[in-house]
Amino acid sequence: MSITRRSRNWQGPWPKTPGRLFGTGFVRLYQLTLSGFVGNHCRHFPTCSEYAYESIARYGLWSGGWMALFRVMRCGPGGTHGLDPVPPTLSERHHWWMPWRFWKPEPKQKP
């Protein structure tokens with residue numbers, strides 16, 4: 001019988017760079033300690049901490065960190081709600097020197 005490990009965080013492949021390990025470790029520490037006191041109020045799926053973990057793992061501490069910060073800001077009163085996954089790829093308009101463009105990872109396309 002094989003034991004499968006389950007995690008609420010993203011399990012896909014990602015480069016284990018020092019920044020990404022620090023960022024995902026910080027998010028995981030939050031999940032294990034403070035999330036039980038502060039959590040269970042997220043208006044999105046996946047939760048903000050799961051989103052932060054995945055965005056940092058996929059895009060690094062700088063880009064993923066900005067994406068996570070803006071996601072937490074969108075989760076506040078008067079913000080958005082619903083399904084809001086981390087985009088599988090970032091578009092050409094996202095550059096590391098323009099962090100404000102991570103507010104909405106993908107622009108809405110006109111029909």
Side-chain angles (χ1 to χ4, degrees):
M1 177 165 82
S2 67
I3 298 174
T4 58
R5 299 178 81 189
R6 296 184 190 266
S7 174
R8 66 184 196 174
N9 291 320
W10 188 60
Q11 295 296 306
W14 52 281
K16 309 291 193 279
T17 60
R20 288 178 176 164
L21 289 173
F22 173 77
T24 55
F26 183 75
V27 171
R28 189 67 183 134
L29 179 67
Y30 163 78
Q31 288 175 339
L32 294 174
T33 57
L34 297 174
S35 179
F37 299 110
V38 181
N40 299 329
H41 300 290
C42 194
R43 301 160 46 131
H44 294 98
F45 182 79
T47 65
C48 292
S49 63
E50 292 169 2
Y51 185 95
Y53 187 95
E54 182 177 351
S55 65
I56 292 171
R58 282 187 178 199
Y59 302 115
L61 185 59
W62 180 259
S63 298
W66 281 108
M67 290 172 67
L69 175 68
F70 292 142
R71 166 65 183 274
V72 170
M73 291 170 63
R74 286 194 310 265
C75 197
T80 61
H81 63 279
L83 185 62
D84 185 19
V86 176
T89 59
L90 293 177
S91 67
E92 295 291 325
R93 65 185 277 276
H94 294 102
H95 303 289
W96 67 269
W97 65 88
M98 296 183 207
W100 57 88
R101 289 193 174 178
F102 291 106
W103 174 257
K104 278 294 205 181
E106 293 301 320
K108 293 183 179 181
Q109 296 179 359
K110 296 182 180 183

Separation of [Y] [atom2] from [X] [atom1] (nearest 0.5 Å):
{"X": "L90", "Y": "M67", "atom1": "CG", "atom2": "CE", "result": "5.5 Å"}
{"X": "L21", "Y": "L61", "atom1": "CG", "atom2": "CG", "result": "10.5 Å"}
{"X": "L29", "Y": "L34", "atom1": "CG", "atom2": "CG", "result": "7.5 Å"}

Task: W103 side chain near R101 side chain, heavy-atom distance below 4.5 Å - done: no
TODO: Could you tell me whether the side chain of T24 reaches within less than 4.5 Å of the side chain of W14, counting heavy atoms only?
DONE: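 Yes - at least one pair of side-chain heavy atoms lies under 4.5 Å apart.
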What residues form a side-chain hydrogen bond (donor to acceptor under 3.5 Å, both in side chains) with [X], not counting sequence neighbours?
{"X": "R20", "result": "none"}
{"X": "R28", "result": "Q31"}
{"X": "T17", "result": "none"}

TODO: For G64 and S55, work out which heavy atoms get closest and say how close.
DONE: O-OG, 3.0 Å
Open item on the list: Ignoring hydrogens, what is the shortest heavy-atom contact between P46 and P85? Give both atom names and the distance.
Closed with: CD-CA, 4.1 Å
Open item on the list: I'd like to know if M98 and W62 are part of one continuous hydrophobic network [Ile/Leu/Val/Met/Phe/Trp/Tyr, side-chain heavy atoms within less than 4.5 Å].
Closed with: yes
Task: Qualifying salt bridge (charged side-chain N to carboxylate O under 4.0 Å, His left out) pairs with a residue from residues 44-56, counting only residues at least two apart or across chains - done: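 For residues 44-56, and leaving out neighbouring residues, the salt bridge (charged side-chain N to carboxylate O under 4.0 Å, His left out) pairs sorted by first residue read E54-R58.
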Once side chain to side chain contact (heavy atoms under 4.5 Å, CB included) is applied, do any residues pair with [X], and if so which ones, sequence neighbours excluded?
{"X": "S63", "answer": "Y59, F102"}
{"X": "H81", "answer": "R43"}
{"X": "L69", "answer": "W66, M73"}

- [ ] Can you establish whether the number of heavy atoms outside F70 located under 6.0 Å from its atom CZ is more than 12?
- [x]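 Atom CZ in F70 is packed in, count exceeds 12.
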Task: With W97 via ring-ring contact (aromatic ring centres under 6.0 Å, His included) - residues at least two apart - done: H95
